[in-house]
Amino acid sequence: MQVLGIDIGGSGMKAAPVNTATGKLTAEPQRLDTPDPATPAAVAEALAELVRRFSWRGRIGCGFPGAVRRGVVLGAANLSPAWDGVNAVELFTAAAGRAVAVANDADVAGLAEMRFGAGRAARGVTLVITLGTGIGTALFVDHVLVPNTEFGHIELDGRDAEEVASARARKEKSLGWKKWARGVDRYLQRMCRYLSLDRIIVGGGVSKKHEKFLPLLTVGAEVVPARLRNEAGIIGAALYAAEARGGRGSGRARPARAARRR
Ligand code: BGC
């Protein structure tokens, strides 16, 4: 099945059609800057523009940078407070003129990594973490997702962890890799202590440069770079839409099909 995957991020919005059986993009991704301010109306219009660029008539899935329960946004720290309580499924479906399934961006990126990337063979408790404008987390027990974990916002050194360990924190504070990696290490150690993790998959754009910081980490769990990198969000959004109940995007993330067979 081909599904249009859309990844809404704090700075950019990307879309591409995905073959959900192989996890491969079937056309070059299109990108738009995330509107500023990122109000619901402005983001919905940008999403509709991405759909128009592909003249898309099939299913659409969307990864959203905030917790989304049954289609309703619970908060989007890096977009705008105006999103609180907005029904993103209804808003995007109206803007696109067709059903759009919506789930948290890290959750869908995690689904893609667990199906087609670094988590394929993973057993036990895996945390997929995306280091970008914010910190996204997706928790899997074997291949079953616990949706909407917001571990990017735990307190670390008296601050929101995102302010210490996101890729944006590194850039904004012009931190060297070593100094930034110390914060990431403390963050991951905390996650391991709370969740007794077997494996951590580190994604987000910065995972392209994983050799600069993963070797500096001392955390006890196995830590591996994501394989799908920047495409995980697009691929996962498409997978989510393909497998959401009725393809409509109830906002409820479901376990991957491969996992259900196991
Ligand atoms: C949001 C998460 C999101 C992450 C990555 C955080 O600020 O609270 O829901 O997954 O950023 O975009």
Side-chain angles (χ1 to χ4, degrees), residues 5-15 31-38 40 43 46-47 61-89 92 101-114 126-140 145-156 159-172 183-184 187-188 190-191 195 200-207 226 228-237 239-240 249 251-253:
I6 302 180
D7 183 19
I8 300 179
S11 54
M13 295 175 55
K14 292 172 291 179
R31 184 188 185 281
L32 289 174
D33 283 344
T34 304
D36 185 11
V43 171
L47 178 136
C62 172
F64 183 85
V68 181
R69 195 171 54 207
R70 289 188 274 285
V72 176
V73 175
L74 303 180
N78 294 307
L79 287 186
S80 149
W83 279 97
D84 294 8
V86 169
N87 189 316
V89 167
F92 293 159
V102 187
N104 174 259
D105 57 354
D107 282 354
V108 299
L111 287 174
E113 281 297 333
M114 297 301 281
T126 302
L127 187 69
V128 179
I129 146 166
T130 60
L131 301 175
T133 308
I135 295 181
T137 55
L139 183 66
F140 292 86
L145 173 69
V146 181
N148 287 318
T149 54
E150 286 285 324
F151 296 135
H153 300 293
I154 66 159
E155 176 269 319
L156 190 67
R159 285 181 291 167
D160 190 300
E162 276 191 2
E163 290 172 32
V164 179
S166 65
R168 180 179 55 184
R170 189 181 74 82
K171 278 202 192 128
E172 278 183 2
V184 175
Y187 173 64
L188 295 181
R190 187 77 68 83
M191 287 290 92
L195 298 168
I200 299 169
I201 298 175
V202 180
V206 74
S207 66
L228 307 174
R229 311 278 159 80
N230 272 341
E231 289 179 358
I234 295 176
I235 298 167
L239 267 186
Y240 177 74
R252 220 177 284 158

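Indexing begins at 1, ligand by ligand and atom by atom, following the structure's order. Since the model is a prediction, treat every value here as computed from it, not as a measurement.
Ala138 meets the side chain to side chain contact (heavy atoms under 4.5 Å, CB included) test with Asp107, Val128, Phe140, Leu145; sequence neighbours excluded. Not a single side-chain hydrogen bond (donor to acceptor under 3.5 Å, both in side chains) links Asp84 to another residue, sequence neighbours left out. Not counting sequence neighbours, Ser80 has no partner by the side-chain hydrogen bond (donor to acceptor under 3.5 Å, both in side chains) test.
Taking the side chain as every heavy atom from C-beta outward, Val164 and Tyr187 never approach each other to under 4.5 Å.
Between the CG atom of Asn148 and the CG atom of Leu74 there is a distance of 6.0 Å, given to the nearest 0.5 Å. For the atom pair CG (Asn230) and CZ (Arg31), the distance works out to 9.5 Å, reported to the nearest 0.5 Å.
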Below 3.5 Å only, please: the N or O atoms of ligand 1 paired with protein N or O atoms, distance on each line.
from     : atom 1 : to     : atom 2 : distance (Å)
ligand 1 : 7 (O)  : Asn78  : ND2    : 3.1
ligand 1 : 7 (O)  : His153 : NE2    : 3.1
ligand 1 : 7 (O)  : Glu162 : OE2    : 2.4
ligand 1 : 8 (O)  : Glu150 : OE1    : 2.5
ligand 1 : 8 (O)  : His153 : NE2    : 2.7
ligand 1 : 9 (O)  : Gly66  : N      : 3.4
ligand 1 : 9 (O)  : Asn104 : ND2    : 3.0
ligand 1 : 9 (O)  : Glu150 : OE1    : 3.4
ligand 1 : 9 (O)  : Glu150 : OE2    : 2.5
ligand 1 : 10 (O) : Asn104 : ND2    : 3.1
ligand 1 : 10 (O) : Asp105 : OD1    : 2.6
ligand 1 : 11 (O) : Glu162 : OE2    : 3.4
ligand 1 : 12 (O) : Asp105 : OD2    : 2.6

